[in-house]
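The next block holds one structure in the form of structure tokens; read it before the comments.
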Amino acid sequence: MVSVRTQSKHVCVIGAGPSGLVAARELSKEGHSVVVLEQNHDVGGQWLYDPNVEVENPLGRNTFLKVHSSIYNSLRLTSPREIMGFTDFPFLVKKGRDMRRFPGHKELFLYLKDFCEWFGLRGMIRFNTRVEYVGLLDSEAIGKDLRWVVRSKEKKTEKVVEEVFDAVVVATGHYSQPRLPSIKGMDAWKRKQMHSHIYRVAEPFHNEVVVVVGNSLSGQDISMELVEVAKEVYLSSKSLNISEGLSKILSKHDTLHLRPQIEYLHEDGRVLFVDGTWVIADTIIYCTGYSYTFPFLDTKGIVAVDDDRVGPLYEHTFPPSLAPSLSFMGIPRKIIGFPFFESQAIWIAQLLSGKRTLPSWDDMMQSIKDFYHSRDLAGVPKHYTHDIAEFEYCDRYGDHVEFPHLEEWRKQLCISALVNADVNLETYRDSWDNDHELLQEALQSPHFTQLGTEAFTL
């Protein structure tokens with residue numbers, strides 16, 4: 001529903017990564033006063049590379065992590081740059097920078113810095129400020145006008161500040177808190193164990209026998225990098241039905257081996273796999289994904305994380321009992337992120353100004369129940385609740401604020417990268433002959449010509 005009256009709210013955005021930055025931009029545009037609290041020294045969130053991982057628990061077993069970014073040094077984007085930009089700020093190729101279609105992580109960080117400068121967002125951000133507590137000012141006020149107490153600590157001075165806000169937008173990302181498997185003997189295994197959250201470069205594993213657990217994109221990437229320096233690399237996967245691309249890589253390297261899941265870790269260093277084979281390993285790297293966590297947030301149990309299901313959330317964004325004064329950005333996975341974050345930010349900003357309203361509490365709760373039921377019927381495990389993998393969902397979401405649907409070229413370039421990676425895992429970022437026509441369509445579209453800057457033809 002759309003209303004003409006607007007009100008200005010005092011809003012705290014937690015996190016200055018991609019979703020937090022676009023939230024700040026849209027909230028400000030809608031007339032709200034915005035404070036962004038960012039624990040690091042610059043914008044970027046996950047894309048602000050941090051090589052200093054020695055301070056972190058190797059398995060990420062701290063409530064408040066000391067290291068936010070999980071980016072490793074060699075990481076390149078898995079999606080082409082053309083599909084990644086915000087709708088009004090294309091991810092252009094810039095001379096003197098990384099001009100590849102699938103650039104390294106630093107290029108996306110620089111894009112986010114450019115976005116921040118272009119829209120004048122830096123003045124809203126308090127850097128080196130960690131949020132320690134967010135809670136209701138008056139827990140009796142649920143269902144009325146809610147206000148939030150936010151307590152933060154300035155890292156260098158350790159000065160603690162407590163403030164009251166009309167609304168809080170949680171934009172802290174979900175690629176930091178390691179999700180670990182449960183393996184017999186894991187706690188007693190004496191050799192090195194770590195999560196890929198703190199993997200940065202291959203050199204420390206020179207001449208080691210390394211077991212990489214998890215056949216994810218990062219597991220495959222890290223295995224391909226380690227095989228150049230390690231003595232042997234064993235990639236342990238839930239399924240031995242692997243892609244053509246991974247098969248090609250395995251056939252190229254005598255020191256890279258595919259194994260099933262681990263059954264037991266012996267104190268003497270043996271790693272026993274479920275097929276009965278074993279190896280004595282120096283290091284185990286868990287590339288087993290990440291969990292949602294909000295250690296600072298106290299909602300009196302209204303919002304909870306249960307096996308990576310954050311809920312209840314209407315449209316993965318709004319807890320019905322606390323919305324719109326509390327909202328979550330960037331929870332969905334397996335989407336084209338930046339345009340989706342933008343549509344989320346617009347909806348949150350317009351709900352807070354009163355320009356739009358949410359459905360009734362009953363209707364929102366029913367929608368959530370129906371969604372959970374549909375996932376159950378489809379046999380989707382609970383921890384994949386927020387894995388969307390559906391362009392149509394993003395389009396339907398955008399309809400709440402008349403946000404433009406994803407362009408056909410954007411969808412097709414996304415699919416093309418996924419298909420190419422499946423067949424040519426080692427080369428898909430640099431060899432994409434089938435994309436030329438789609439690429440020309442993209443670069444000539446209003447998305448790329450809107451700033452009056454010609455995108456360089458590749």
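Side-chain polar atoms of Thr129 and Glu154 form no donor-acceptor pair below 3.5 angstrom. For the residue pair Asn57/Lys66, the side-chain donor-acceptor check at 3.5 Å is not satisfied. For the residue pair Asp88 and His447, no side-chain donor N or O sits within less than 3.5 Å of a side-chain acceptor on the partner. Side-chain N/O atoms of Ser218 and Ser216 include a donor and acceptor closer than 3.5 Å. Judged by distance alone, the side chains of Glu232 and Thr255 never bring a donor and an acceptor atom under 3.5 Å apart. Looking at Ser291 and Gln177, their side chains never bring a donor and an acceptor atom within 3.5 Å of each other. Counted by atom type alone, Ser69 and Asp50 present zero donor-acceptor pairs between their side chains at under 3.5 Å.
Listed here is the closest heavy atom pair of Arg191 and Asp268: NH2-O, 3.6 Å.
Remark: Lys106 does not engage Asp98 in a salt bridge, criterion side-chain N to carboxylate O under 4.0 Å. Salt-bridge annotation for Lys184 and Glu263: absent, with no side-chain N of the basic residue lying under 4.0 Å from a carboxylate O of the acidic one. Arg179 has a carboxylate O that lies under 4.0 Å from a charged side-chain N of Asp307, or vice versa, which qualifies the two as a salt bridge. Checked for salt-bridge contact, Asp114 and Arg97 meet the test: a charged N lies under 4.0 Å from a carboxylate O. A salt bridge links Asp42 with Lys113: the closest approach of a Lys/Arg side-chain nitrogen to an acidic carboxylate oxygen falls below 4.0 angstrom. Ion pairing between a basic and an acidic side chain is recognised when a charged N comes within 4.0 Å of a carboxylate O; Arg333 and Asp387 show such pairing. Look at Arg100 and Glu107 and you find no salt bridge, because none of the NZ, NE, NH1 or NH2 atoms lies under 4.0 Å from a carboxylate O.
Atom-to-atom distance recorded for Lys155:NZ and Arg130:CZ is 5.0 Å, nearest 0.5 angstrom. Separation of atoms CD (Gln444) and CG (Leu439) is listed at 9.5 Å; rounding is to 0.5 Å. Rounding to the nearest 0.5 angstrom, the gap separating the CG atom in Asp308 from the OG1 atom in Thr385 is 8.5 Å. In this structure, CG in Asn73 is found 9.5 Å from CZ in Arg200, a value given to the nearest 0.5 Å. Expressed to the nearest 0.5 Å, how far CZ of Phe273 lies from CG of Leu258 amounts to 9.5 Å. Residue Asn128 holds its CG atom at 7.5 Å from CG of Asn40, rounded to the nearest 0.5 Å.
Here Tyr264 and Trp278 keep their ring centres 6.0 angstrom or further from each other. Ring centers of Phe91 and Phe86: at least 6.0 Å apart, outside the cut-off. Taking the six-membered ring for Trp and the full ring otherwise, the centers of Tyr111 and Phe89 sit less than 6.0 Å from each other. Here Tyr234 and His257 bring their ring centres to under 6.0 angstrom of each other.
Ser236 places a side-chain N or O within 3.5 Å of a backbone atom of Pro260 that can act as its donor or acceptor partner. Proximity of a side-chain donor or acceptor of Ser431 to a complementary backbone N or O of Tyr428 within less than 3.5 Å is not detected.
Within the 4.5 Å cutoff, no side-chain heavy atoms of Val169 are placed close to those of Cys12. The shortest side-chain heavy-atom distance between Met224 and Leu425 falls under the 4.5 Å cut-off.
Using cut-offs of 30° and 60° for the angle between ring planes, the Phe296 and Phe294 rings count as perpendicular. The aromatic rings of Trp409 and Phe448 sit tilted, their planes meeting at an angle between 30° and 60°. Ring orientation note: the planes of Tyr397 and His400 are nearly perpendicular, at an angle over 60° on the 30°/60° scale. Using bins of under 30°, 30° to 60° and over 60° for the plane-to-plane angle, the ring pair His316/Tyr393 lands in the perpendicular bin.
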Walk me through it: do Trp347 and Phe318 pass the test ring pair (Phe, Tyr, Trp, His ring centres under 6.0 Å)? CA-CA 11 Å; Trp347 198 9; Phe318 303 105; 5.0 Å; yes
Pair Tyr292-His386, ring pair (Phe, Tyr, Trp, His ring centres under 6.0 Å): steps then yes or no: CA-CA 10 Å; Tyr292 298 93; His386 304 293; 5.3 Å; yes
Quick one: do Tyr49 and Phe109 satisfy ring pair (Phe, Tyr, Trp, His ring centres under 6.0 Å)? Show the steps, please. CA-CA 8 Å; Tyr49 178 68; Phe109 165 67; over 10 Å; no
Show your reasoning for whether salt bridge (Lys or Arg N to Asp or Glu O under 4.0 Å) applies to Arg101 and Asp435. CA-CA 11 Å; Arg101 285 192 67 214; Asp435 282 358; 3.0 Å; yes
Would you sort out whether Ser70 and Tyr290 count as a side-chain hydrogen bond (donor to acceptor under 3.5 Å, both in side chains), showing the intermediate values? CA-CA 10 Å; Ser70 300; Tyr290 296 89; 3.3 Å; yes
Tell me, with the steps shown, if Arg126 and Glu38 meet salt bridge (Lys or Arg N to Asp or Glu O under 4.0 Å). CA-CA 6 Å; Arg126 288 189 214 151; Glu38 168 51 52; over 6 Å; no
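Of the options Gln412, His405, Arg410, a side chain to side chain contact (heavy atoms under 4.5 Å, CB included) to Glu408 is made by Gln412 and by none of the others.
In this structure, Arg309 forms no cation-pi arrangement with Tyr384, as its terminal cationic atom is not both closer than 6.0 Å to the ring centre and no more than 45° off the ring axis.
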